[in-house]
Structure formats: C-alpha cells, structure tokens
2 protein chains.
Amino acid sequence: MTKKTSKYDKILNTFIQLLIEGGYQSATISKIAERAEVNPSTIFRNFTDKKGLLSAVVDRHLKDLSTIFDGVSMTGNIEDDLVILSKTYQEFQVDHQEIVLIGFQAALEMPEINKAVEEIPVLFKKILGDYFSDMKKQHKIRETIDVEAATMNLLWLNFGYFLSVIRFDHPNISTSATDFYDKQIRFFAKSLV
Amino acid sequence: MTKKTSKYDKILNTFIQLLIEGGYQSATISKIAERAEVNPSTIFRNFTDKKGLLSAVVDRHLKDLSTIFDGVSMTGNIEDDLVILSKTYQEFQVDHQEIVLIGFQAALEMPEINKAVEEIPVLFKKILGDYFSDMKKQHKIRETIDVEAATMNLLWLNFGYFLSVIRFDHPNISTSATDFYDKQIRFFAKSLV
DNA sequence: AAAGCATGCAAGTGGTTGGTTGCATTTTAA
DNA sequence: TTAAAATGCAACCAACCACTTGCATGCTTT
C-alpha cells in the first residue's frame, strides 16, 4: 500500500494533535500548516476542504476500530478478563480521544461523527455481553446476575472513567489507571461471582 | 432581589438554549439576538462580550449547584437511597448539560469552566462517600466493601450514563431513565449488602 | 534526461463574527 | 409627570477564516 502523498500523514497527524489540544474550531488551517511545516494550499490539495480532514480522521478511526479486540484472549478468570477488556477499551479510547472530542464539538458539521463515536461503546458492549453470557453458561457468575445490567454497568463505568481522565483534573475524582483496574474493575468483578 | 435588566434573563436563557442545540461557536451573537427578540447591541450592553455570557452561565450554574442536594433526605434503605441520590444528580446534570458541553468546547476561552464542571462530580462524590461511610458504620453494607471504590464506581456509572444520554442515540446503548434507576442502580446497590 | 507530480509561494476573495458608537425611542421608577 | 435608564437601530470596523489560483520550483519515476 503506497501512501497517498508524502505530506498526507503529517498533515493528518498534526490535525489530530491540534484537535486534542483545542478542538475543531481552534484547529485552523494555518495552524495545521505551520506546525506541519506545510503550505496551506497543500492541505486543500490533499483534503479538498476542512470537512475532508474530518472525514479522514473518521475513516482512520473506523479502520482502527475494526481491529481493536483482535488478539485479545480471555483467561477464564473473571477479574483478570474484565481488567484485560477494560484496559483494551481504555487504551483505544485514549488513543482516539480526538474523535470523542469532536463528537462534542463538530456534530453539526458532520453528523456521521457521532455514529463513529458511538460505535466504540456499541462494539465494547457486544464483547462484554457475549463474555458475560458465556460465563453465565459456564456458571462462573451467579445465576441471579442480570447480564444486560452487568454489561451496561461496566460499559458506563468505563465510559465515565475515560471521560474523567481526559477532561478532569481535580484530585478528588482522579484515579490512576492501575487503581482503576485493580480496584474499580475488580470491585465490580467480585460482585458477579 | 431585583433583576438586572428586563432582557438579561431572556438573553441568557436563549444563549443556554443555543449552547445545547449547537455548542459555543454556533451560539452566535446574532442568533441569540434574533431568537431572544433583542438587538445585538443590547447583548453587549448587558454582558460586555461573549465571554461575559459564558461567565454568566458559569455563575448561574455554580449558584444552582450549591443547592442541589438540599431537601434530599435519606430513607436508610440502600437501594432506595442510591436511586434518590442518582436521580438527583442525573436531573441536575441534564438540566445543566450546557456547562458540560461548553466544558468540552470552550475550555480554551475560559479555563474556569472546567473547574465548574468538575464541581458537580466532586460534590456528588462527597455526598456518596459520606453516605457509604455512614452505612458502613451502621453495618448496612458489608464490612469488606471498599468505600472509596464503591463511591467512584457509582460516580462513574452515573457520569457515563449521563453522557450517553445527552450524546448517544444508538438503541443498543440507550436505556430509559427508569431502567437505569431500577436495574443499574439497584444492581449496584445489591452488590453492597 | 525528460516528464509528471507534489509542493511552495504570494496575492487575493468573500463570508462571518465579535464588537463599537451615536442617536432616537421606549420603558421604568420616583 | 418627569427624569433616568434600558433598548432599538443602523452603519461600521477589524480580524479571522476557509478557500482559490497561477506560477515557479523541486522531487520522483521511468
């Protein structure tokens, strides 16, 4: 696979970086050009217009998303598995936080962004639901557990934590990643068995 | 307490409405003026500049926040109490979603917005932490429960659910408010006793 | 070496937005 | 009723931004 042009990736990466730093409106063509050491006209030649840049971000995101849980294998130990799944989800979210941020900012310019953002939790939910169903069949979690409730619970827990991490600073509501996995996720996992 | 001017509130309410509909950049002075049936110059006379509008939103928000848990009384039944607390939090969040949205959008223009946004979960955490500590003293929740973990768990669960509600549309990850309280919160509460 | 393609450069365009100002008019309060 | 305060109005400004274009230059490929 040959790269589209030599500057294409550099521009796109710079754009994403600026998105994270200041959001969509703040990611000006001239800022991108300057930081990517590229002429503004080059940006338009590669991406047509600013929406084209957004599109490219969404495309790249969807491509990455499709492989997020590839190579992740379960151990059969509930606690460990939920940590692994949560960690996989969290790392992907943080690595792709720009799509979430512009989902909050540019949903008007590009409604399909929200669809792309949604797909992350939708996929994660499917993985979790399948896992819990499986574990229930194997009697590794209690009979009385509502799989749907457990799934959504863990989903929102992860989603809430992720957004706290990327937006909040306050010490009272900050938690290190290790604490999150070792305390929160395991706390949750224990309630299932 | 006398209102500042007759148009002040109308402008501010219109601004908030537009913030929810389309975000900060989209909430143009001329849009506000048109919908509030007011002349653009009146907006500047009342709020100095656009940041002044933001400031006013933040001020109003902080004022409302200070009374959020006033008049909320506990029953002693864990499940019911956690539903009440979550409901109080959720309703406040939805009623003040604009501050969260602009926290994602205008944090650059006004860094103090994020502080204001943070204060909601910070306060909620304190309420929850106190409640759990109290219940533990009364032996109404298990000895082995880590209060901090339980608190953060419920906090992120609520935060994640709230953001899902205001941003997501996908049927797979949508849940009615009643389902959230009756299934999720009670599911969580049961794990404590 | 030649041809084609990507890029740099510079000047410019049109639209939008936040913000100002002076004056006429309406609303409010004493 | 009257004075003061709040608003409407309209013209205007400066800044910024996305985007265009024509041409020169450099790089890559064959």
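Residue numbering restarts at 1 for every chain, and letters A, B, ... go by the order of the sequence lines. Because the structure is predicted, anything quoted here is derived from the model rather than measured.
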- Item | Spacing between A:E37 atom CD and C:dC9 atom P, to the nearest angstrom | 11 Å
- Task: Please report, rounded to the nearest Å, how far the C1' atom of C:dA6 is from the CG atom of A:D9.
- Result: 15 Å
- Item | B:K87 side-chain N/O to B:Y181 backbone N/O, donor-acceptor pair under 3.5 Å | no
- Task: Report the distance from atom CD1 of A:I32 to atom CD1 of A:I11, rounding to the nearest 0.5 Å.
- Result: 8.5 Å
- Task: Report the distance from atom CD1 of A:I32 to atom P of D:dC17, rounded to the nearest whole Å.
- Result: 11 Å
- Message: Using a 6.0 Å cut-off, check whether atom CG of A:D70 has over 12 heavy atoms from anything other than its own residue.
- Response: yes
- Any sub-3.5 Å donor-acceptor pair from B:K7's side-chain atoms to B:A36's backbone N or O? no
- Item | A:S176 (side chain) donor-acceptor with A:D179 (main chain) under 3.5 angstrom | yes
- Check whether any side-chain N or O of A:S6 sits under 4.0 Å from OP1 or OP2 of C:dA6, and answer yes or no. no
- Item | Interatomic distance where CD belongs to B:E109 and C1' belongs to D:dC16 [whole Å] | 14 Å
Show which side-chain atoms of residues 106-116 of chain B pair as donor or acceptor with protein atoms under 3.5 Å away, not counting sequence neighbours.
none

- Note on the structure: Whether each nucleotide of nucleotides 14-24 of chain C has a protein heavy atom under 4.0 Å at its base (B), only at its sugar-phosphate (S) or at neither (-) is summarised, 5' to 3', as ---SSBBBBB-
